[in-house]
Number of protein chains: 2
Amino acid sequence: MVGVKKEIALEDISVRSTVNRTAPIDRVDAESMALILKAVADPARLQLLSILKYAPNQEACVCDLTAPLGLSQPTVSHHLKVLADAGLLTRERRGSWAWFSLVPLRLNELRSFLE
Amino acid sequence: MVGVKKEIALEDISVRSTVNRTAPIDRVDAESMALILKAVADPARLQLLSILKYAPNQEACVCDLTAPLGLSQPTVSHHLKVLADAGLLTRERRGSWAWFSLVPLRLNELRSFLE
DNA sequence: TATCTATATTGACGAATATCGATATACAAT
DNA sequence: ATTGTATATCGATATTCGTCAATATAGATA
């Protein structure tokens with residue numbers, strides 16, 4: 001498994017985590033939630049989410065995001081991919097640009113998990 | 001700075017993160033929030049928080065936590081320290097035992113940050 | 001005191017992560 | 001086709017993280 005990138009299977013989280021709990025989560029559910037939380041638990045990625053939230057149409061392209069973060073273009077691209085893989089952003093190509101948007105439903109899952 | 005353990009300064013987060021935002025968070029605030037999110041973004045620590053939530057009095061000692069997690073005692077102790085350093089748990093000694101409790105206020109900060 | 005038990009700390013290890021420069025790819029426009 | 005721009009991927013590196021075995025510490029009890 002060396003060098004194999006882990007992608008998040010969205011179904012793993014979406015269904016089980018939103019159930020009203022009556023008992024502690026098991027390891028499987030905990031690992032699913034940890035995946036989405038890890039995606040958010042980074043200062044650069046928190047800034048990206050926050051910038052998108054306050055952006056017109058809640059969307060932006062990579063070129064608008066490198067400057068406010070003070071990070072290189074590859075690094076910003078990497079963080080956007082992590083967020084997209086976690087289902088928190090969607091990516092849409094328009095000409096040369098890649099536009100990223102928030103996925104409110106996914107963010108709600110995060111919120112509702114924390115009750 | 002090699003080998004120096006980072007501890008979270010609770011004041012850094014508690015004040016600024018609960019303010020109603022009108023603009024994207026800056027790097028400093030993002031780093032503060034990332035600290036508490038990192039503490040939560042681990043399957044073992046999510047299980048610990050969840051177990052405590054459903055425990056009588058929302059508290060438990062280390063000896064009750066190693067078995068359900070399937071991890072060694074030092075590892076569980078480590079995770080509890082991470083959560084306590086993030087202000088999410090309090091530790092109280094009673095005789096030989098160390099009892100850990102949830103800090104609801106701190107968990108609310110986490111929730112309210114995600115709006 | 002000595003001993004037992006519960007918890008914390010240390011030291012080490014492999015795995016994962018954040019970052020960048022260099023490069024590849026995709027698309028647009030000449 | 002060529003050139004230019006925007007984005008993605010690759011390769012490397014330094015750092016952080018999760019885990020355990022071994023050990024240390026704290027407190028209870030004999």
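Chain letters run A, B, ... following the sequence lines, proteins first, then strands; residues in each count from 1.
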Could you run through nucleotides 25-30 of chain D and give me one letter per nucleotide, 5' to 3': B if any protein heavy atom sits under 4.0 Å from the base, S if only the sugar-phosphate is that close, - if neither?
--SS--
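As a whole-Å value, the separation of A:Lys38 NZ from C:dA16 C1' is 9 Å. Going from atom CG of A:Leu89 over to atom C1' of D:dA8 covers 16 Å, rounded to whole Å. Here the C1' atom of nucleotide C:dT5 and the CG atom of B:Asp64 are 14 Å apart, to the nearest Å. Going from atom CG of A:Leu37 over to atom C1' of C:dT17 covers 17 Å, rounded to whole Å. When rounded to the nearest whole Å, the span between CD of B:Glu92 and P of C:dA8 equals 13 Å. For A:Leu35 and C:dA16, the CG to P distance is 12 Å, given to the nearest whole Å. Atom NE2 of B:His79 is separated from atom C1' of C:dA8 by 15 Å (rounded to the nearest Å). Atoms CG (A:Leu69) and C1' (C:dT19) sit 13 Å apart, rounded to a whole Å.
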With side chain to side chain contact (heavy atoms under 4.5 Å, CB included) as the criterion, how do A:Arg106 and A:Glu109 come out once you've worked through the C-alpha distance, each side chain's angles and the decisive distance to 0.1 Å?
CA-CA 5 Å; A:Arg106 189 69 165 155; A:Glu109 283 181 28; 2.9 Å; yes
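Remark: A:Arg93 pairs with no residue by the side chain to side chain donor-acceptor pair (under 3.5 Å) rule, at least two apart or across chains. Qualifying salt bridge (Lys or Arg N to Asp or Glu O under 4.0 Å) partners for A:Arg27, counting only residues two or more places apart in sequence or in other chains: A:Glu31. Under the rule for a side chain to side chain donor-acceptor pair (under 3.5 Å), A:Arg91 has no partner lying at least two apart in sequence or in another chain.
Hydrophobic clustering (side-chain heavy atoms under 4.5 Å, transitive across Ile, Leu, Val, Met, Phe, Trp, Tyr) keeps A:Leu49 apart from A:Val103.
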Enumerate the protein-to-nucleotides 20-24 of chain D contacts in which both atoms are nitrogen or oxygen and the separation is below 3.5 Å.
from: D:dC20; atom 1: OP2; to: B:Ser72; atom 2: N; distance (Å): 3.0
from: D:dC20; atom 1: OP2; to: B:Ser72; atom 2: OG; distance (Å): 2.9
from: D:dC20; atom 1: OP2; to: B:Thr75; atom 2: OG1; distance (Å): 2.7

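Pairs passing the salt bridge (charged side-chain N to carboxylate O under 4.0 Å, His left out) check and including a residue from residues 34-50 of chain B, sequence neighbours excluded, do not occur. Pairs passing the side-chain hydrogen bond (donor to acceptor under 3.5 Å, both in side chains) check and including a residue from residues 53-63 of chain A, sequence neighbours excluded, read A:Lys53-B:Glu115, A:Glu59-A:Arg94.
Proximity of residues 42-54 of chain A to DNA chain C (heavy atom under 4.0 angstrom from any strand atom) is restricted to A:Asp42, A:Arg45.
In this structure, the separation between CD1 on B:Ile51 and CG on B:Leu102 is 11.0 Å, given to the nearest 0.5 Å.
Hydrophobic cluster membership of B:Trp97, counting Ile, Leu, Val, Met, Phe, Trp and Tyr whose side-chain heavy atoms lie under 4.5 Å apart directly or via other members: B:Trp99.
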Report, one line per pair, each donor and acceptor closer than 3.5 Å where one atom sits in a side chain of residues 63-75 of chain A; sequence neighbours left out.
from: A:Ser72; atom 1: OG; to: A:Thr75; atom 2: N; distance (Å): 3.3
from: A:Ser72; atom 1: OG; to: A:Thr75; atom 2: OG1; distance (Å): 2.9

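Residues B:Val82 and B:Leu88 are not in side-chain contact: their nearest non-hydrogen atoms beyond the backbone lie 4.5 Å or more apart.
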